[in-house]
Novice: 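I'd like to ask some things about the structure below.
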Amino acid sequence: IKKLSDDLDNEIVNAGIVISRYGRKSSYREQTIETLRQNFDNVLDTVITERTDVMEATGKNISVFQTKNGDAIKEFTDVGDAILEAVGLA
C-alpha cells in the first residue's frame, strides 16, 4: 500500500477492514471474525452479507443501490458512512 501511495498524488488512508460475504454458518466464520477484531483495531462494525441480489448486481455491472434489496442498500450505506467518518469526511 505504501508503494502505491507513494506513486499517487494523494496519500492512501486505511479506513478500516470490511467483513464481506458474511453468510452461511461455518465452523470458522465466528473464529475468523473474532481473530480479526482482536488483531486489528480498525475492523468496521457493519458487515456485508452475502446476498443473491449483490452477486447479480455485480454480474450485471450495476450498483447495489440499483437493486431493490433494502437490507443490502443499508449495509453498503453504513459501510460507506463508516469509511467517510474514518477518513474525516463525515
Side-chain angles (χ1 to χ4, degrees):
I1 292 175
K2 179 172 179 2
K3 182 178 178 186
L4 177 61
S5 183
D6 290 344
D7 291 341
L8 298 174
D9 292 333
N10 296 310
E11 180 182 354
I12 294 175
V13 177
N14 183 346
I17 297 169
V18 177
I19 297 172
S20 65
R21 300 199 64 189
Y22 185 86
R24 290 177 272 150
K25 293 219 181 254
S26 77
S27 59
Y28 297 105
R29 182 183 71 190
E30 295 304 322
Q31 179 182 359
T32 301
I33 291 171
E34 185 60 30
T35 299
L36 283 170
R37 293 192 189 285
Q38 288 175 356
N39 290 285
F40 299 96
D41 61 355
N42 60 346
V43 178
L44 301 182
D45 291 331
T46 301
V47 299
I48 302 294
T49 304
E50 186 171 19
R51 302 175 191 279
T52 302
D53 288 340
V54 173
M55 289 186 291
E56 288 176 357
T58 302
K60 294 176 182 176
N61 292 324
I62 64 170
S63 169
V64 169
F65 297 98
Q66 291 176 274
T67 70
K68 293 183 174 146
N69 190 313
D71 291 333
I73 291 169
K74 180 174 182 351
E75 287 173 356
F76 277 80
T77 299
D78 290 349
V79 166
D81 290 345
I83 291 169
L84 288 172
E85 184 175 330
V87 297
L89 295 175

Novice: Would you please name every residue forming a salt bridge (charged side-chain N to carboxylate O under 4.0 Å, His left out) with R29, sequence neighbours left out?
Specialist: none
Novice: Output all residues satisfying side chain to side chain contact (heavy atoms under 4.5 Å, CB included) with V87, sequence neighbours left out; order by chain, then residue number.
Specialist: V13, A15, L89
Novice: Establish whether F40 and V47 are linked, either directly or via other cluster members, by ILVMFWY side-chain heavy-atom contacts under 4.5 Å.
Specialist: yes
Novice: Do the non-hydrogen side-chain atoms of V54 and N69 ever get within less than 4.5 Å of each other?
Specialist: no
Novice: So, using side chain to side chain contact (heavy atoms under 4.5 Å, CB included) as the criterion, who are the partners of S63 when residues are at least two apart?
Specialist: F65, Q66
Novice: Kindly state each residue pair satisfying salt bridge (charged side-chain N to carboxylate O under 4.0 Å, His left out) with at least one member in residues 70-80, sequence neighbours excluded.
Specialist: R51-E75, K74-D78
Novice: Please find the pair of heavy atoms, one from V64 and one from I73, that lie closest to each other, and give the distance.
Specialist: O-CG1, 3.7 Å
Novice: What distance separates I33 CD1 from I17 CD1, expressed to the nearest 0.5 Å?
Specialist: 12.0 Å
Novice: Which heavy atom of I19 sits nearest to which heavy atom of R37, and what is that distance?
Specialist: CD1-NH2, 4.0 Å
Novice: Which residues pass the side-chain hydrogen bond (donor to acceptor under 3.5 Å, both in side chains) test with Q31, sequence neighbours left out?
Specialist: none
Novice: Among residues at least two apart in sequence or on other chains, which ones pass side chain to side chain contact (heavy atoms under 4.5 Å, CB included) with Q38?
Specialist: E34
Novice: I need the I83 CD1 to T46 OG1 distance, nearest 0.5 Å.
Specialist: 10.0 Å
Novice: Taking all atoms of both residues into account, what is the closest heavy-atom pair of T67 and D53, and its distance?
Specialist: CG2-O, 3.9 Å
Novice: Please identify each residue that fulfils side-chain hydrogen bond (donor to acceptor under 3.5 Å, both in side chains) with N42, with sequence neighbours left out.
Specialist: N14
Novice: Where is the tightest heavy-atom contact between L36 and V43, given as atom of each residue plus distance?
Specialist: O-CG2, 3.7 Å
Novice: List for me each residue that meets salt bridge (charged side-chain N to carboxylate O under 4.0 Å, His left out) alongside E50, sequence neighbours excluded, and say none if there are none.
Specialist: R21
